[in-house]
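Naming convention: chains lettered A, B, ... in sequence-line order (proteins, then strands); numbering from 1 in each chain.
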Number of protein chains: 2
Amino acid sequence: MGDDHSTARPLRADARRNRERVLQIAQEALASDGLTISFDEIARRAGFGVGTVYRHFPTREALFEAVLLGRMERFVADARALATAEDPGRAFFGWFRTVVEQASVNQALCEMLEGGTVPAFRRGTTLEADFAAALGRLLQRAQRAGAVRGDLRTEDVQDLLRGCLTAERRARARGGKVAMAEVVCDGMRSHPR
Amino acid sequence: MGDDHSTARPLRADARRNRERVLQIAQEALASDGLTISFDEIARRAGFGVGTVYRHFPTREALFEAVLLGRMERFVADARALATAEDPGRAFFGWFRTVVEQASVNQALCEMLEGGTVPAFRRGTTLEADFAAALGRLLQRAQRAGAVRGDLRTEDVQDLLRGCLTAERRARARGGKVAMAEVVCDGMRSHPR
DNA sequence: GTAGAATCGGAGAGATCCCTCCGGTTGCCG
DNA sequence: CGGCAACCGGAGGGATCTCTCCGATTCTAC
């Protein structure tokens with residue numbers, strides 16, 4: 001969705017190949033090195049001159065967004081798909097754990113979710129709003145079903161998610177297991193205590 | 001401990017004042033802006049030329065360490081002081097919560113604890129080893145007393161701490177309350193379930 | 001095969017950032 | 001109050017990063 005060069009002629013074959021390669025390399029670089037990686041470095045790893053990469057992506061941010069936004073949108077899509085699931089509690093916790101699991105292996109994705117460093121995923125952005133709304137809907141249904149504590153707000157869950165990402169990512173980096181997500185999910189449940 | 005200019009003559013009065021002011025400004029800048037702040041920017045905020053600041057601190061890292069290491073050492077000292085407390089569980093959880101509470105208001109302190117970006121607090125450093133050792137001792141005592149799950153290792157607790165820092169810091173930034181530390185502490189307790 | 005358009009490559013402008021160097025200024029001691 | 005050691009200030013070197021520009025190269029349509 002959103003092929004914004006629909007009126008333009010299709011890319012030349014070699015340009016298309018190169019564009020694909022840049023995306024591939026950028027994806028790997030971002031996953032392993034995070035958002036601090038330089039544009040020049042990505043061009044170098046891909047084996048292109050910087051001019052070539054800039055031809056395809058007008059800005060450093062544009063390249064990063066082309067790589068990262070798709071993944072974010074998939075999280076949103078997952079949440080929406082689960083919004084009508086039978087078991088709201090199961091849907092909420094399952095989604096939460098999936099996001100932590102999938103994002104924690106990707107350095108740049110974690111940083112994007114944690115801080116406000118990517119312009120396209122900031123407070124007030126459409127994507128950020130969609131993410132929050134989708135999360136909020138899952139949360140609300142789970143709360144109505146009595147599976148999640150009623151005093152939790154959407155922002156609270158977002159912050160808990162960020163915390164889980166930090167913990168799981170570090171644990172993964174040293175080859176250990178922390179299961180921060182499990183502990184936090186337990187904490188979010190309605191406790192009968 | 002470690003006043004390495006004991007043989008040198010004392011600083012001139014104006015130099016001493018300026019040094020103090022630099023530390024003060026750097027402390028504020030690091031707390032609010034984190035480790036990415038530039039040396040030039042700190043000099044500018046303090047109202048000095050960069051040469052003046054470099055006279056007192058030979059390197060950017062040296063300045064940062066002068067500001068941050070004291071706080072870290074206090075956490076270690078706190079842990080050591082609690083190592084002989086009556087109630088090991090109470091000591092462990094109290095220390096954990098204190099660290100989260102005090103560090104989460106300081107951007108640079110969080111980043112230092114989370115990543116390995118400050119040379120003086122890396123794997124293999126004395127300070128990092130002291131921190132881990134002090135934490136480990138608190139943990140072990142709490143586990144022997146049956147207050148904390150036995151399968152938790154020191155590194156696990158460190159990662160959980162990092163996660164709490166991320167969550168609490170973000171919550172604090174938006175004026176909300178998350179109590180991530182509470183949830184995680186609950187999760188670390190031996191559950192009778 | 002060839003003309004012409006699309007694409008590539010990388011030098012370099014402009015902005016920072018860390019740090020050095022040294023002339024001008026200031027505080028301290030007798 | 002005079003002399004000098006200590007200190008201040010900021011210009012600028014060297015490195016790195018984002019992004020631009022245009023000659024050289026490559027692809028494609030005929």
Side-chain angles (χ1 to χ4, degrees), chain A residues 4-26 29-30 32-68 107-108 111-112 117-120, chain B residues 4-26 29-30 32-68 107-108 111-112 117-120:
Chain A
D4 60 341
H5 47 70
S6 46
T7 63
R9 54 155 44 115
L11 285 174
R12 227 167 65 177
D14 57 339
R16 179 156 201 81
R17 266 198 312 273
N18 291 345
R19 187 178 201 280
E20 224 57 42
R21 173 166 175 78
V22 168
L23 277 174
Q24 173 68 23
I25 298 292
L30 282 171
S32 67
D33 293 41
L35 294 173
T36 61
I37 192 157
S38 79
F39 203 97
D40 290 36
E41 174 66 15
I42 289 177
R44 206 187 54 73
R45 288 193 195 179
F48 293 119
V50 289
T52 303
V53 183
Y54 272 105
R55 164 170 295 273
H56 291 296
F57 304 96
T59 231
R60 175 189 139 100
E61 289 301 338
L63 170 59
F64 285 9
E65 287 172 6
V67 171
L68 295 172
Q107 176 86 14
E111 289 170 12
M112 182 170 165
T117 52
V118 176
Chain B
D4 60 341
H5 50 69
S6 47
T7 62
R9 53 158 42 116
L11 284 174
R12 225 168 67 177
D14 54 341
R16 176 155 203 83
R17 266 199 312 274
N18 292 344
R19 187 177 200 281
E20 224 57 43
R21 174 167 174 79
V22 168
L23 277 174
Q24 172 69 24
I25 299 292
L30 282 171
S32 67
D33 293 43
L35 295 172
T36 61
I37 192 157
S38 78
F39 202 96
D40 290 36
E41 173 67 14
I42 289 177
R44 206 189 52 74
R45 287 194 197 178
F48 294 119
V50 287
T52 304
V53 183
Y54 273 104
R55 164 168 297 274
H56 293 297
F57 305 95
T59 229
R60 174 190 141 99
E61 291 299 338
L63 170 58
F64 287 7
E65 287 172 7
V67 171
L68 295 172
Q107 177 84 15
E111 290 171 12
M112 182 169 164
T117 52
V118 175

- Any donor-acceptor pair under 3.5 Å from Glu111(A) side chain to Leu35(A) backbone: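 Flag set: sc Glu111(A) to bb Leu35(A) pair under 3.5 Å.
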
- Item | Non-neighbouring partners of Glu65(B) that pass side-chain hydrogen bond (donor to acceptor under 3.5 Å, both in side chains), sequence neighbours left out |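 Residues passing side-chain hydrogen bond (donor to acceptor under 3.5 Å, both in side chains) with Glu65(B): none at all.
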
- Message: I need the Phe64(B) CZ to Leu30(B) CG distance, nearest 0.5 Å.
- Response: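 Spacing of CZ (Phe64(B)) from CG (Leu30(B)) equals 5.0 Å.
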
Tell me the interatomic distance from [X], atom [atom1], to [N], atom [atom2], rounded to whole angstroms.
| X | N | atom1 | atom2 | answer |
| --- | --- | --- | --- | --- |
| Arg44(A) | dC17(D) | CZ | P | 11 Å |
| Arg21(B) | dC8(D) | CZ | P | 13 Å |
| Arg12(A) | dT28(D) | CZ | C1' | 7 Å |

- Outermost nucleotides of DNA chain C that come under 4.0 Å of a non-hydrogen atom of chain B: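 Nucleotide range in contact with chain B: dC17(C) to dC28(C).
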
- Task: Could I get the full list of side-chain contact (heavy atoms from CB on, under 4.5 Å) partners for Ala26(A), not counting sequence neighbours?
- Result: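 Scan of Ala26(A) (side-chain contact (heavy atoms from CB on, under 4.5 Å), adjacent residues dropped) gives Ile42(A), Leu63(A), Val67(A).
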
- Message: List the residues meeting side-chain contact (heavy atoms from CB on, under 4.5 Å) with Thr59(B), not counting sequence neighbours, and say none if there are none.
- Response: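 Counting only residues at least two positions away or on another chain, Thr59(B) forms a side-chain contact (heavy atoms from CB on, under 4.5 Å) with Glu61(B), Ala62(B).
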
Would you list the atom pairs, donor with acceptor, under 3.5 Å between side chains in residues 45-57 of chain A and any protein atom, with sequence neighbours excluded?
{"unit_1": "Arg45(A)", "atom_1": "NE", "unit_2": "Glu41(A)", "atom_2": "OE2", "d": "2.9"}
{"unit_1": "Arg45(A)", "atom_1": "NH2", "unit_2": "Asp33(A)", "atom_2": "OD2", "d": "3.1"}

Under 3.5 Å, which protein N or O atoms sit close to an N or O of nucleotides 18-20 of chain D? Give each pair with its distance.
{"unit_1": "dT18(D)", "atom_1": "OP1", "unit_2": "Phe39(A)", "atom_2": "N", "d": "3.4"}
{"unit_1": "dT18(D)", "atom_1": "OP1", "unit_2": "Arg60(A)", "atom_2": "NH1", "d": "2.7"}
{"unit_1": "dT18(D)", "atom_1": "OP2", "unit_2": "Phe39(A)", "atom_2": "N", "d": "2.8"}
{"unit_1": "dC19(D)", "atom_1": "OP1", "unit_2": "Thr59(A)", "atom_2": "OG1", "d": "3.0"}
{"unit_1": "dC19(D)", "atom_1": "OP2", "unit_2": "Tyr54(A)", "atom_2": "OH", "d": "3.4"}
{"unit_1": "dC19(D)", "atom_1": "OP2", "unit_2": "Arg60(A)", "atom_2": "N", "d": "2.8"}

